[in-house]
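Quick note: residue numbers are just sequence positions, from 1.
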Amino acid sequence: MSDTRIPLVKIKDAQTYFPVRKGVMRKTVGYVKAVDGIDLTVYKGETLGLVGESGCGKTTLGKSILQLIPATGGTFEYNFDGEFKDLRQLPREEIDEARKRIQIVFQDPHSSLNPSFTVFGSLQDPLKRFGVRSKEERRKIVGDLLEAVNMPRDYMDRFPHEFSGGQRQRIGIARALSVKPELIICDEAVSALDVSIQAQVLQLLKKLQKERGLTYIFITHDLSVVEYISDRIAVMYLGRIVELADADILYAHAAHPYTQALLSAIPVADLDHKKSRVVLEGDVPSPVNPPPGCPFHPRCSFRGERCDKEIPKLKRYIRDGREHYIACHLMDTEPEA
């Protein structure tokens, strides 16, 4: 099976741990394993959805790609015009080039803008940082960016408190676009917005992607939203990816018990077609002291003896001619691709 997709980011065995310190001497007594051995490839022009319960590590993974949070281990290779370089190993002078290529839209549009700055003040900083010296040129670029996110140019002289949440998030998107990135990480970018505004912002993101050839990593806990915008979806649990597939394949043929439980929780408006709800028992285990074997086995109704002892690997299968990755011992009866 030929694959013409071009990789943009290749992540191998990514680990991001946070030390747990106790006592007067602040001795390290353990680690919070927020990201624990993830392999993932993001392709140019796609939207990769990253979903899971709060605390599963999806935001930490996104920030580790950006190097906003230093990873503990693994490689984060980025495609610099055909040459892959590990973002963790870049010298200081090359970090700026990576910052131009990878941007982020934060979750909270209220706190991601400095209330003391006008919109122009907030959006001109990255332009100044990356070489746009003329103030007139910066104003033109900021005006163009505002129009690109469906806002009037003269809004650049207003302050953040004068805007609604949806307008502030559009400004956040404009700021991410200011340095002409290739990859934008959307970290719960619509979760703080009303449903009607969410739809507008999602349509805007799709429009910008088509016009500018953008690649998105879309982090969210809202499974309805991720189905609408994503080409592929990766499901995370306790710092690991447990299932990865094209969006339509995942929603039609979810194989991992955790994914099945998540999908069963999506509200359905049609009373004649109610879903059978899969209720998970217990809480997510602590990432400081994860259970042995499969991380999900304490909450899984299908667990067996092997699940208690051995961590399942993310294996590649083929469904309807397309890749479907699953980390579950229950799939061992299925032939691998």
Side-chain angles (χ1 to χ4, degrees), residues 1-16 34-52 56-69 71 73-90 95 97-106 173 176-177 179-189 202 205-206 208-210 212-220 225-236 239-250 314 316 322-327:
M1 183 177 63
S2 63
D3 191 345
T4 59
R5 297 173 298 179
I6 301 173
L8 184 63
V9 182
K10 295 193 292 187
I11 301 169
K12 183 69 174 177
D13 195 27
Q15 299 171 353
T16 304
V35 175
D36 191 19
I38 283 182
D39 296 338
L40 185 64
T41 299
V42 183
Y43 296 97
K44 286 187 177 182
E46 77 165 344
T47 298
L48 175 70
L50 200 57
V51 300
C56 71
K58 52 190 187 295
T59 293
T60 301
L61 177 61
K63 291 184 177 180
S64 295
I65 295 171
L66 277 163
Q67 304 300 297
L68 293 178
I69 295 176
T75 59
F76 295 77
E77 293 188 338
Y78 190 86
N79 187 345
F80 288 87
D81 303 320
E83 181 183 0
F84 282 92
K85 298 181 181 180
D86 187 355
L87 296 172
R88 294 185 64 212
Q89 306 299 328
L90 288 181
I95 287 291
E97 178 62 25
R99 295 282 186 225
K100 288 180 65 176
R101 293 172 182 254
I102 311 173
Q103 287 290 303
I104 187 170
V105 177
F106 293 100
I173 294 170
L177 293 172
V179 290
K180 299 180 180 179
E182 298 171 334
L183 171 65
I184 296 180
I185 297 174
C186 300
D187 183 15
E188 300 278 9
L202 291 172
L205 288 170
K206 280 197 162 188
L208 293 169
Q209 183 178 40
K210 184 176 180 180
R212 297 170 182 248
L214 296 170
T215 303
Y216 294 141
I217 296 177
F218 197 89
I219 299 169
T220 183
V225 166
V226 81
E227 180 184 17
Y228 171 75
I229 198 169
S230 299
D231 299 304
R232 292 189 302 146
I233 298 174
V235 181
M236 284 190 65
R240 297 175 177 271
I241 291 177
V242 297
E243 190 160 2
L244 170 64
D246 290 352
D248 58 334
I249 292 289
L250 188 83
L314 193 67
R316 177 177 179 263
R322 289 180 285 174
E323 294 177 328
H324 191 167
Y325 292 86
I326 308 154

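- With a 4.5 Å cut-off on side-chain heavy atoms, V51 and T220 count as touching.
- With R101 as the partner, the side chain to side chain contact (heavy atoms under 4.5 Å, CB included) test is satisfied by one option alone out of L8, D81, T215, L87: D81.
- Across all their heavy atoms, G57 and V35 have their closest contact at O-CG2, 3.7 Å.
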| field | Trace of the salt bridge (Lys or Arg N to Asp or Glu O under 4.0 Å) decision for R5 with D231 | value | CA-CA 13 Å; R5 297 173 298 179; D231 299 304; over 6 Å; no

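- By the 4.5 Å heavy-atom criterion applied to side chains, D13 and D39 are counted as neighbours.
- Contact between S230 and A247 at its shortest, heavy atoms only, is O-CB, 3.6 Å.
- K85 places no side-chain N or O within donor-acceptor distance of the main-chain N or O of L90, the cut-off being under 3.5 Å.
- If you check the side chains of T16 and T60, you find no donor sitting under 3.5 Å from an acceptor.
- In terms of the salt bridge (Lys or Arg N to Asp or Glu O under 4.0 Å) criterion, R88 has no residue partners (sequence neighbours excluded).
- Y216 has its side chain within reach of L208: a pair of non-hydrogen atoms, C-beta onward, lies under 4.5 Å apart.
- Of all the heavy atoms in I185 and G62, the pair that sits closest is CD1-O, 3.3 Å.
- D246 has no carboxylate O lying under 4.0 Å from a charged side-chain N of R232, or vice versa, which leaves the two without a salt bridge.
- Taking the ring centroids of Y78 and F80, they lie under the 6.0 Å cut-off.
- For T59 and D187, the side-chain atoms include at least one donor-acceptor pair closer than 3.5 Å.
- Closest heavy-atom contact between E243 and H324: OE2-NE2, 2.6 Å.
- The two residues E46 and Y43 come nearest to each other via the heavy atoms OE2-N, 2.9 Å.
- Pairing each heavy atom of A176 with each of V105, the nearest pair is CB-CG2, 3.9 Å.
- The backbone N or O of F84 lies less than 3.5 Å from no partner atom in the side chain of N79, so there is not a single donor-acceptor pair.
- Residues F218 and L202 form a side-chain contact, since some pair of their non-hydrogen atoms from C-beta on lies under 4.5 Å apart.
- Here the side chains of L177 and I184 are in contact, with some heavy-atom distance below 4.5 Å.
- Counting heavy atoms from C-beta on, the side chains of E182 and K100 never come closer than 4.5 Å.
- Although no hydrogens or angles enter the test, the distance criterion places a donor-acceptor pair under 3.5 Å between the side chain of Q103 and the main chain of R99.
- Between K12 and D86, none of the side-chain N atoms (NZ, or NE/NH1/NH2) sits under 4.0 Å from a carboxylate O, so this pair counts as no salt bridge.
- A 4.5 Å side-chain heavy-atom check between L205 and T47 finds every atom pair outside the cut-off.
- For the pair V235 and L250, the minimum side-chain heavy-atom distance is below 4.5 Å.
- The CD1 atom of I219 sits 9.5 Å away from atom CG of L48, with the distance rounded to the nearest 0.5 Å.
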